[in-house]
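Hydrogens, waters and symmetry mates are skipped; everything else that's a heavy atom, side chains included, is used.
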Amino acid sequence: MRKQTKLVAVLSAAALLAIGASMTSFAATPHWDQEDGEWVYLDRNGERVSDTWKKSNGQWYYLDEDGYMAKDRRVEYSDDLYYVDENGVKVTNAWVSMDNDDLLDDDDVSTVWYFFDGKGKAHGFNSNGNGVIKKLPYGNEGKTDYFIFNNEGVMLSGWQKWSKSGENEKIYWLGDENEGWARTGWQYLNVEDEEIFEYEDDGDPYESEQWFWFDTQGRAKTNGTEVIGGKTYIFDSNGFMQDLWTYNATASTATPSWTNNTGTSTKNQAAYYVEDNGGRDKNWVFAYPKTNYEDYDDDQYWFWLNSKGLPFKAVDNSSMTGYQTPGTAIRQDDTVASTDANHDGDAAAKSIKNKTYLFNEDGIMLTGLYELTGVHKGTSVVPMDYGYYYFTIDDSHSSVEGQMVTNKRVTIDVHGEDKTYYFSKDGRAYKNVIISGSVFGPNGQLITSYGDGSAYDQVTLGAALTKKDDNGKVLVPAGSRVLINGNGKIKQNGTVTDVNGDKVTVSNYIVTQINGVAVN
């Protein structure tokens, strides 16, 4: 919507006649007259008056330095700027446009605009500091918005850094030269303006267009967060809306990469803002663990965010929001190098909707079989029991991914071989235990390395065996000789021929005779 052009009054024929009539007044009385076709005002001595305003029929006219009535021009008078139209009438409450003949030091602007108030004075002219900001009507629909005028009275346009006297500069977008009103609310705008925006080291902005949010006076939000429509957003020093992992400190165009922060302030921690949308997220988010688009890893991971968008992490600093004293997690079911932070290292567990998940020091949710030592769950000061735990792997990244398996027998690919575990109600793999006639050994795996299928082999136990959920009561003492087959089953009672052809008798799991000879 463009402003109406030159909203100036036009003198009626009656008004002109009225002025003419005044010229027939007595010569000794100050009066209007015409000389060489131009209106003048003569004083009592018949001399032309100049550099002043005179009123006629309710309208004001200006007599220039030569005493002629000024027309269609700017008038500087008593430290103010005015405009008189083509009939010489002072313009009030109106927009006026002019060609930019060095009125504004900007070669890209061809037309400049002024607004003259109810007294005919141009807004901003001879004002202190950078000019003034005014809420004014424009267009044919009675809209009102904020406009900025410099101290020459010229309306500003485009990108501007502007401030009232004594205040910090704010960023405004004022549209093109025939618009000028300050935009408010959300705006997606081109940012290729080196005088306004800070650029990266290579001289290029992040993107040619960015999202901004302007308040009701047209000021872009910068350097921090703003709650808009019930969601929290964050903006850098340029006013660019940030997304992905972004620090809650005073933002900058050089947003740091995702790192393991140890400061005590939540401002030093990276919170997650939805990609492209920008609203700060919470609960589960599936994301890249880096903040910069060009730094994305090949894989995305699950993170759990609190209400401030901060991920739950395993970091040895209890004063940090969302962080937990870490224990050690060593992955067992793949060949990833132990130096890979996504798989081995510090870890902490968290219960979410009655399911337990494991997270590393970067907040990445871990999946797979882990040996856990000293790992804390939530805010508990007592760590989880040492042992092996399995956190569900799901290549489709469904809602069950990462959930700790409990009360269940599971077969897992461990370094290319299928290994079977049985996990307790607390998630820890049973070790040195007999469950439903099967033996799970010291590393929690079902023992299948003896015998051949259903054929048994004699095995001397290195550790005592207990029974599932029997409070550690010894069922078979360490050092006992037992029969175990290739399916992991243990012989409880009876006589069988083992893989070596010996007839072996067992009683309560322990070998008592071999080929009829008692075993001591």
Next item on the list: Assess the pair Trp302 and Phe359: is the distance between their ring centroids shorter than 6.0 Å?
Entry: no
Check: Hey, what's the ring geometry for His397 with Phe286, parallel, tilted or perpendicular (30° and 60° as the breaks)?
Finding: tilted
Identify every side-chain donor-acceptor pair in residues 211-220 under 3.5 Å, counting partners at least two apart or on other chains, and give the distances.
from   : atom 1 : to     : atom 2 : distance (Å)
Asp215 : OD1    : Gln217 : N      : 2.9
Asp215 : OD1    : Gly218 : N      : 3.0
Asp215 : OD1    : Arg219 : N      : 2.9
Asp215 : OD2    : Arg219 : NE     : 2.7
Asp215 : OD2    : Arg219 : NH2    : 3.0

Notebook entry, point to check: How long is the span from the OG1 atom in Thr392 to the OH atom in Tyr357, to the nearest 0.5 Å?
Noted result: 8.5 Å
Margin query: For a quick test of reading the model, state the closest non-hydrogen atom pair linking Glu209 to Val191 and the distance between them.
Written below: N-CG2, 4.4 Å
Notebook entry, point to check: Are the side chain of Trp304 and the backbone N or O of Lys282 linked by a donor-acceptor pair below 3.5 Å?
Noted result: no
Checklist line | Under 3.5 Å donor-acceptor, His415 side chain and Gln332 backbone | finding: yes
Check: Does a donor on one side chain and an acceptor on the other come within less than 3.5 Å for Ser424 and Asp426?
Finding: no
Notebook entry, point to check: Does some side-chain heavy atom of Tyr509 sit less than 4.5 Å from a side-chain heavy atom of Leu483?
Noted result: no
Checklist line | Check: Glu179 side chain, Asp176 main-chain N or O, donor-acceptor pair, under 3.5 Å | finding: yes
Margin query: Using 0.5 Å steps for rounding, measure from the CD1 atom of Ile196 to the CH2 atom of Trp173.
Written below: 10.5 Å
Next item on the list: Using a cut-off of 6.0 Å, state whether more than 12 heavy atoms not belonging to Tyr450 lie near its atom OH.
Entry: no
Check: Hey, is the main chain of Gly479 close enough, under 3.5 Å, to the side chain of Arg481 for a donor-acceptor pair?
Finding: no
Next item on the list: If a pair satisfies salt bridge (Lys or Arg N to Asp or Glu O under 4.0 Å) and one of its residues is in residues 455-471, list it, with sequence neighbours excluded.
Entry: none
Item checked: Sole candidate of Val132, Ile133, Leu136 that passes side chain to side chain contact (heavy atoms under 4.5 Å, CB included) when paired with Phe147 -> Leu136
Check: Does some side-chain heavy atom of Tyr456 sit less than 4.5 Å from a side-chain heavy atom of Val504?
Finding: no
Check: With a 4.5 Å limit on heavy-atom distance, are the side chains of Ile412 and Tyr390 in contact?
Finding: yes
Notebook entry, point to check: Do Pro311 and Leu305 touch side chain to side chain, with heavy atoms closer than 4.5 Å?
Noted result: yes
Next item on the list: Indicate yes or no: at least one non-hydrogen side-chain atom of Ser163 is less than 4.5 angstrom from one of Asn168.
Entry: no
Notebook entry, point to check: Hey, is the main chain of Asn238 close enough, under 3.5 Å, to the side chain of Asp236 for a donor-acceptor pair?
Noted result: yes
Notebook entry, point to check: Are the side chain of Asp362 and the backbone of Ile364 linked by a donor-acceptor contact shorter than 3.5 Å?
Noted result: no
Note to self: Counting C-beta onward and ignoring hydrogens, is there a side-chain heavy-atom pair between Ile330 and Tyr370 closer than 4.5 Å?
What the structure shows: no
Check: How about Leu174 and Trp181: do any of their side-chain heavy atoms sit closer than 4.5 Å?
Finding: no
Check: Cut-off 3.5 Å, side chains only: do Thr356 and Lys377 have a donor facing an acceptor?
Finding: yes
Note to self: Looking at every heavy atom in both Thr111 and Glu177, which two are closest together, and how far apart are they?
What the structure shows: N-OE2, 3.1 Å
Notebook entry, point to check: Are Lys221 and Glu226 close enough for a salt bridge, meaning some N to O gap below 4.0 Å?
Noted result: yes
Check: Are there more than 12 heavy atoms of other residues, nucleotides or ligands under 6.0 Å from atom CG of Asn407?
Finding: yes
Check: Got more than 12 heavy atoms from elsewhere within 6.0 Å of NZ, Lys161?
Finding: yes
Next item on the list: Kindly give the heavy-atom pair with the smallest separation between Gln458 and Asp502, and that separation in Å.
Entry: NE2-OD2, 4.2 Å
Item checked: Stepwise side-chain contact (heavy atoms from CB on, under 4.5 Å) test for Ser438 and Arg409 -> CA-CA 11 Å; Ser438 297; Arg409 176 172 168 154; 3.9 Å; yes
Item checked: Least distance between heavy atoms, Asn277 atom then Lys231 atom -> OD1-NZ, 4.5 Å
Checklist line | Parallel, tilted or perpendicular: rings of Phe303 and Trp245 (30°, 60°) | finding: perpendicular
Notebook entry, point to check: Do the side chain of Asn360 and the main chain of Asp346 share a donor and acceptor less than 3.5 angstrom apart?
Noted result: no
Next item on the list: Output the distance between atom CG (Asn508) and atom CG (Leu475), rounded to the nearest 0.5 Å.
Entry: 8.0 Å
Next item on the list: List the steps, then state whether side-chain contact (heavy atoms from CB on, under 4.5 Å) holds for Glu401 with Ile393.
Entry: CA-CA 6 Å; Glu401 185 175 26; Ile393 295 175; 5.6 Å; no
Check: Strictly by modelled atom types, are Thr420 and Thr411 linked by a side-chain donor-acceptor pair under 3.5 Å?
Finding: yes
Item checked: Rounded distance (nearest 0.5 Å) linking atom CG of Asp413 with atom NZ of Lys419 -> 10.5 Å
Check: When rounded to the nearest 0.5 angstrom, what distance separates OG in Ser454 from CG in Asn487?
Finding: 6.5 Å
Check: Does the side chain of Tyr188 come under 3.5 Å of the side chain of Gln210 through a donor N or O and an acceptor N or O?
Finding: no
Margin query: I'd like to know whether Lys164 forms a side-chain contact (heavy atoms from CB on, under 4.5 Å) with Glu169, so could you lay out the CA-CA distance, the side-chain angles of the two residues, the decisive distance to 0.1 Å, and finally the verdict.
Written below: CA-CA 8 Å; Lys164 297 178 182 179; Glu169 283 189 329; over 6 Å; no
Margin query: Please give me the minimum heavy-atom distance between Phe423 and Val410, naming the atom from each residue.
Written below: CE1-CB, 4.1 Å
Next item on the list: Starting from the C-alpha separation in whole Å, work towards a yes-or-no answer on side-chain contact (heavy atoms from CB on, under 4.5 Å) for Val439 and Leu446.
Entry: CA-CA 6 Å; Val439 180; Leu446 177 68; 5.7 Å; no
Note to self: side-chain hydrogen bond (donor to acceptor under 3.5 Å, both in side chains), that's the test. Do Tyr233 and Gln242 meet it? Break it down for me.
What the structure shows: CA-CA 8 Å; Tyr233 298 82; Gln242 302 294 287; over 6 Å; no
Next item on the list: Say whether, by atom type as modelled, one donor and one acceptor occur between the side chain of Asn432 and the main chain of Ala463 under 3.5 angstrom.
Entry: no
Next item on the list: Could you tell me the separation between the CD1 atom of Ile514 and the CG atom of Asn500, rounded to the nearest 0.5 Å?
Entry: 10.0 Å
Next item on the list: Assess whether side-chain hydrogen bond (donor to acceptor under 3.5 Å, both in side chains) is satisfied between Thr232 and Thr225, documenting all intermediate values.
Entry: CA-CA 6 Å; Thr232 301; Thr225 60; over 6 Å; no
Note to self: Under a 3.5 Å cutoff, is there a donor and acceptor pairing between the side chains of Trp113 and Asn178?
What the structure shows: yes
Notebook entry, point to check: What's the shortest heavy-atom distance between Asp145 and Tyr138, and which atoms?
Noted result: OD2-OH, 2.8 Å
Notebook entry, point to check: Hey, what's the ring geometry for Phe197 with Phe240, parallel, tilted or perpendicular (30° and 60° as the breaks)?
Noted result: tilted
Notebook entry, point to check: With a 4.5 Å limit on heavy-atom distance, are the side chains of Arg280 and Tyr273 in contact?
Noted result: yes
